[in-house]
Student: 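A single structure is presented below for examination.
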Amino acid sequence: AQKVTQAQTEISVVEKEDVTLDCVYETRDTTYYLFWYKQPPSGELVFLIRRNSFDEQNEISGRYSWNFQKSTSSFNFTITASQVVDSAVYFCALSGPSLKTSYDKVIFGPGTSLSVIP
Amino acid sequence: ETGVTQSPTHLIKTRGQQVTLRCSSQSGHNTVSWYQQALGQGPQFIFQYYREEENGRGNFPPRFSGLQFPNYSSELNVNALELDDSALYLCASSLAEASGYTDTQYFGPGTRLTVL
């Protein structure tokens, strides 16, 4: 079964601090995709990053970076120098391989609510 | 913005009624997925449509049904509404290629359904 766990329910940081959001996943698939989405108060889910299971290279994109470790089934997400506009609920998500006989559903974690205080 | 639109924005219904929610996919996308997000929870997969056919379904009863049209837009229909159906309903579009590869799902702003 596929499952995504985000142990941090709520996090508060002061502006300009760095913050890391934790994500642990479970899957039996050898090929899978991991995502981070952001949901501001407006409600729309905003796609941030996508990683496939064969690419453990960690990257930095602007103020965002992520740490993917298959050995611990973790896909953590870091925001550097946080800003008030980063305040939102962040979802880690998992999807299986996209095969012709399968379908591509995304399994979401429960979310972490991030508050950045000015 | 993703280019995925949903209507209406908000809707209030009473228990037992029926509701239809609409979604227009992003240009170039051929797959639409629907999700239900209860307050304070992550989105839950309802079903996915690809080439006008249901291509997978989550743990939702048959009173949740859908359609996909030739222009890839989609409808979600819910019959015999229950109080627990109150939620944000999100539509996501993506591109599925003949090879089986499916790109990232991009979400619309959602429809907030309240059942009284």
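Just so it is clear, the structure is predicted and the values come from calculations on it, not from any experiment. Chain A is the first sequence line, chain B the second, and so forth, proteins listed ahead of strands; every chain is numbered from 1.
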Student: Between Q41(B), Q37(B), R112(B), which shows the greatest number of heavy-atom pairs under 4.5 Å with chain A?
Tutor: Q37(B)
Student: Regarding S12(A) and E10(A), is there a side-chain donor-to-acceptor distance under 3.5 Å anywhere?
Tutor: no
Student: Is there side-chain contact between L34(A) and Y25(A), with heavy atoms separated by less than 4.5 Å?
Tutor: yes
Student: Check whether Q6(B) gets within reach of chain A through its side chain, its backbone, both or neither, counting any heavy atom under 4.5 Å.
Tutor: neither
Student: Please determine whether ring pair (Phe, Tyr, Trp, His ring centres under 6.0 Å) holds for the pair F45(B) and F108(A), giving the CA-CA distance in whole Å, both sets of side-chain angles, and the decisive distance to 0.1 Å.
Tutor: CA-CA 9 Å; F45(B) 176 77; F108(A) 285 85; over 10 Å; no
Student: With chain B, which of S42(A), A93(A), P110(A) has the greatest number of heavy-atom pairs at distances under 4.5 Å?
Tutor: P110(A)
Student: For chain B, which residues from residues 75-85 of chain A have at least one heavy atom closer than 4.5 Å to it?
Tutor: none
Student: Output the option from P43(B), G42(B), G110(B) having the highest count of non-hydrogen pairs under 4.5 Å with chain A.
Tutor: P43(B)
Student: Tell me, do T112(A) and T9(A) make a side-chain contact under 4.5 Å, heavy atoms counted?
Tutor: no
Student: Got a donor-acceptor contact below 3.5 angstrom from the Q18(B) side chain to the A80(B) backbone?
Tutor: no
Student: Would you say Q36(B)'s side chain and L88(B)'s backbone share a donor-acceptor pair under 3.5 angstrom?
Tutor: no
Student: Is Q39(A) close to chain B through its backbone or its side chain, or both, or neither, when contacts mean heavy atoms under 4.5 Å?
Tutor: side chain
Student: Check whether any side-chain heavy atom of V4(B) lies under 4.5 Å from a side-chain heavy atom of S25(B), and answer yes or no.
Tutor: no
Student: Supply the atom-to-atom distance L48(A) CG to F91(A) CZ, rounded to the nearest 0.5 angstrom.
Tutor: 12.0 Å
